[in-house]
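First the structure, in the form of structure tokens, and then the observations on it.
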Amino acid sequence: LLREKGIKKSDLTREEFLSHAWEWKEKYGGIILHQLKKLGASCDWERTAFTMDEIRSDAVIEIFIDLFRKGKLYRGKRMVNWDPSAQTVLSNEEVLYEEEKATLYKVRYQVAGTQDEWITIATTRPETILGDSAIAVHPEDPRYLHLHGKFAIVPLINREIPIIADAYVDREFGTGALKVTPAHDVNDYEIGLRHKLEVIDVLNPDGSMSDAAQLFIGLDRDKARKEMNKALEAAGHVVSTEDLIHNVGRSERTRVVVEPRLSLQWFVDMKSIAEPALNAVVNGEVNFYPDNLKNTYRHWMENIRDWCISRQLWWGHQIPAWYLNHAGEELVFVAKEESEALQEAKMKTGRSDLVISDLRRDEDVLDTWFSSWLWPISVFDGWKSQKEVDYYYPTSVLVTGWDIIFLWVARMIMAGYEWRGQKPFYDVYFTGMVRDKQRRKMSKQLGNSPDALELIEQFGADGVRYGIMASAPAGGDILFDEKLCELGRNFCNKVWNALRLVKSWEVDPSLPQDEGRALAISWIYSRLNEVNKELSDQYKQYRLSEAVTKLYSFVWDDFCSIFLEIIKPTFGEASDQKSYQSTVTVFEEICKLLHPFMPFITEEIWHQLRERETGDDCMMTLINQDSGQYNGEVDKVLKHVLEVKTSVLELRNQYQLSPKETIELIQPTDAELQDLWLIPGARFILQKLSNATLSEADNTGVAFISGKYQYYAVLNITIDKEAELKRMKEELAYYQGFIVSVDKKLSNEKFVANASQDVVEKERQKKADGESKIEQLLKSIELLN
RNA sequence: GGGUGAUUAGCUCAGUUGGUUUAGAGCGCUGCCUCGACAAGGCAGAGGUCAACAGUUCGAGCCUGUUAUUACCCACCA
């Protein structure tokens, strides 16, 4: 950002830079909070905290000291990942590897003391040839046995380097001979240690060639590579080049190629810290949703490496370490305050004349994740007072993306056990990662992140919330598509229109409630209870997308399409008091269920339903009580009535009959249906939804099957006999085949013996139903002839 | 190289302990409907040999194995 304004880091002091950084934090931190508020996140806005504020900062410094005293923190010279652009070290987790095309150069080195004997190595980085300390071959490689102990001459700069044997070398790769550059490759460094090789660092921190390179000094490593290649070619050293696809590590932040570099850094010894955290997840003390991430976690934890925590940046917590050169040695003092460090230094050295300016504070800051891994503790002011943290800790659930499972989640668990001896949270819910339609991660570089505020503008906050949650099974990828928000918006619209409908009804207290509406009400309560129970199960398993989808279909199909259609007064009439009140109550219950997903619209509906005053009571304080039971009987009746309704509508469609024309249905003679149609209200509902009447005349008219029963419809049209016959014969064939397959099953002794009673009974029922249908169909066909 | 997933309708995805010759949703598509809440809608429809093969089982989208394709994570070869 500063770069855009033309301000360079080198132009600023640390203090100036930090003031810019704070300014940025205030601005963008504010935007993020604003977005969360707009999305209806119900957070305690009074308690926002920031890793860099005083309380959190103190905590970070204290644990640094604590770890140092426990001997779990050390300063050492290691190969680290260097970002030449940001000029800082990175942890292993901040390096992203990607396959990239590169050129593999085969370069020949002359064997020292010979006229025309050469050894050819393969490298993708010719510029590091200038830093070569040796050439390594596999000890048993017959091609190179005669060269062991001899020397080769580094091209262009004519330095003599030994030819060594090391089992690390892969005989299959390239030429089987490896140039060893200890300063610029992790493995080469290891070889260097084994063979006591010289470390020649040919790169400056900014990635340009150093004085040690002798050639191309000051030239950037990429340019130097090209120049080096040219020079080598001109001198006849390049044997061949070929394309190679290999993994290149890039800095997560700056995207530049990471440079392995030897440097002095602070590390956390992870082995002992990791163990309790590993066990916690393996033993299920901390649960992951989805739990398959457990394996990933375990693998990482079991192979954990020390954590490089120093960063050569300004923004962050400055490392609380002071150095003093004393008797040719550099002493380290870790302390909270400068004065304490000085005190320690005086004690240690016995020099009472030391002053603060004799000490040099470490310039580096701590890795941002070192500042964050205390979050579950420090967010409750855990280092200041125990009261809050004792009350809240451990928290119930951490919601985050799986991409920071190592960077953050694992380390928070470690910190929890290290400093409180207890897990930081019971559950970790890993959300899906939002990707764009091309499956790319959302990134600032690509500019493919949707603007939450813009989406809210377009689809409403509830629509956006719905859209994201409906398509977000845990742990998977979410292909972000605005279509999903549109779905949410449409759903909001549907619910809103339902409110408009209910609000439009006149209520006449003198009207009695009819039986159809009474039946519909007991049915919707039954469904509501069923759905409520299912939702609880979903929530327990963090199956949010399933939960919201279930609600969607319950509200849209059951409540709007069926229930309201039955309840709503015929045009010009008023609603009875009882039905109206029940409808409002059910609507309120629905609001409660929907509220976590769509807080804004449900809050508004909640108030309008009973004309509550704003600020009266708000939904956030409401909890769904576990109410009644699922009523199987009522549900069964409604199911059949709706089945018949669908069949009737299908019939209308087929014969292109107007919905306004009442159809007369002949009631089937099946015994159980006699009872069903005697149920008060069942006929009413059928009449209301399909504009059809039921009568008990003889079987005439067009036959159709609804569920397992055969109905006849008296239609005021001429029937295409041939077509009807054809249709019925097709149906007949289907059921005959059906019976055959059921029979096959039932005559299988093993099936009857092994399958559960229920299943066998179901099969028998199926057979009986199928047979009765066939019988009816045969009758109809006869009738038609 | 090690690991974890995925493969179901044209597209994006559900499918929770194996059980109805008939596997769901949304979008898209086709037909009809502006009928007193809702066209951001209603009614209906087409569209799937559940990646392939083998196995376990009375019975497999679901369990086991192999293969193919694919995504991601970790480790890495210059």
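Only a predicted model underlies this, so the values are computations on that prediction, with no experimental measurement involved. Side-chain atoms are counted along with the backbone in the values below, which use heavy atoms only and exclude waters and symmetry mates. A, B, ... follow the sequence lines: proteins, then strands. Residue 1 opens every chain.
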Quick check: on RNA chain B, is the nucleotide nearest A/Asn497 upstream (toward 5') of the one nearest A/Leu649, or the reverse? Name the residue that is more 5'. A/Asn497
NA contact type, A/Cys560, heavy-atom cut-off 4.0 Å: base, sugar-phosphate, or nothing? base
Counting distance alone, no hydrogens or angles: does the base of B/C32 have a donor or acceptor under 3.5 Å from a partner atom on the side chain of A/Asn653? no
Taking CG from A/Leu487 and C1' from B/U12, how many angstroms apart are they, rounded to a whole number? 12 Å
Between B/U69 and B/C63, how many Å separate the two P atoms, rounded to a whole number? 23 Å
With heavy atoms under 4.0 Å as the rule, sort A/Ser553 into base, sugar-phosphate or nothing. nothing
Watson-Crick or G-U wobble mate for B/A9, both contacts under 3.5 Å: none
Classify A/Trp505 by what it touches in the nucleic acid, base, sugar-phosphate, or nothing, heavy-atom distance under 4.0 Å. nothing
Is A/Glu565 paired with A/Lys688 through a side-chain N to carboxylate O contact shorter than 4.0 Å? no
Say you pick atom P in B/G19 and the same atom in B/C38; how far apart are they, in whole Å? 43 Å
Atom NZ of A/Lys750 to atom C1' of B/U57: distance rounded to whole Å? 10 Å
For A/Thr124, answer base if it contacts any base atom (sugar-phosphate contacts may also be present), sugar-phosphate if it contacts only those atoms, and nothing otherwise; contact means non-hydrogen atoms under 4.0 Å. sugar-phosphate
In this structure, is the centre-to-centre distance between the rings of A/Phe430 and A/Tyr289 below 6.0 Å? no
CE of A/Met301 versus C1' of B/G3: gap in Å, rounded? 17 Å
Whether A/Lys568 contacts B/A37 is assessed here as follows: a side-chain N or O lying under 4.0 Å from the phosphate OP1 or OP2. Is that the case? yes
On a plain distance test, is the side chain of A/Lys494 in donor-acceptor contact with the base of B/C38 below 3.5 Å? yes
Considering only atom P, compute the distance from B/G18 to B/G59 and round it to an integer number of Å. 15 Å
Residues A/Thr549 and A/Glu546: side-chain donor-acceptor under 3.5 angstrom: no
Categorize A/Arg171 for me: base, sugar-phosphate, or nothing, with a 4.0 angstrom heavy-atom threshold over every strand shown. nothing
Base, sugar-phosphate alone, or nothing: which one does A/Asn292 contact when heavy atoms must sit under 4.0 Å apart? sugar-phosphate
Watson-Crick or G-U counterpart of B/C58, or none if no pair lies under 3.5 Å: B/G19
Aromatic contact between A/Tyr466 and A/Tyr552, with the criterion being ring centroids under 6.0 Å apart: yes or no? yes
Base of B/A25 paired with side chain of A/Glu546 (donor-acceptor, under 3.5 Å): no
Is A/Gln458 touching bases, backbone alone, or none of the nucleic acid, heavy atoms closer than 4.0 Å? nothing
What does A/Phe406 touch in the nucleic acid at a heavy-atom separation under 4.0 angstrom: a base, only the sugar-phosphate, or nothing? sugar-phosphate
Could you identify the nucleotide paired to B/A44, looking across every strand shown and requiring Watson-Crick or G-U wobble geometry with both distances under 3.5 Å? B/U30
Distance check, C1' atoms only: B/A9 and B/A71, in whole angstrom units. 22 Å
Work out how far the C1' atom of B/G24 is from that of B/U8, and round it to whole angstrom. 10 Å
Base, sugar-phosphate, or nothing: which does A/Arg543 touch, judged by heavy atoms less than 4.0 Å apart? base
Heavy atoms under 4.0 Å, any strand shown: does A/Thr549 hit a base, just sugar-phosphate, or nothing? nothing
Salt bridge A/Asp141-A/Arg171, side-chain N to carboxylate O under 4.0 Å: no
Ionic contact status for A/Arg411 with A/Glu93, cut-off 4.0 Å: yes
Re B/U4: Watson-Crick or G-U wobble partner, both distances kept under 3.5 Å, found to be B/A71
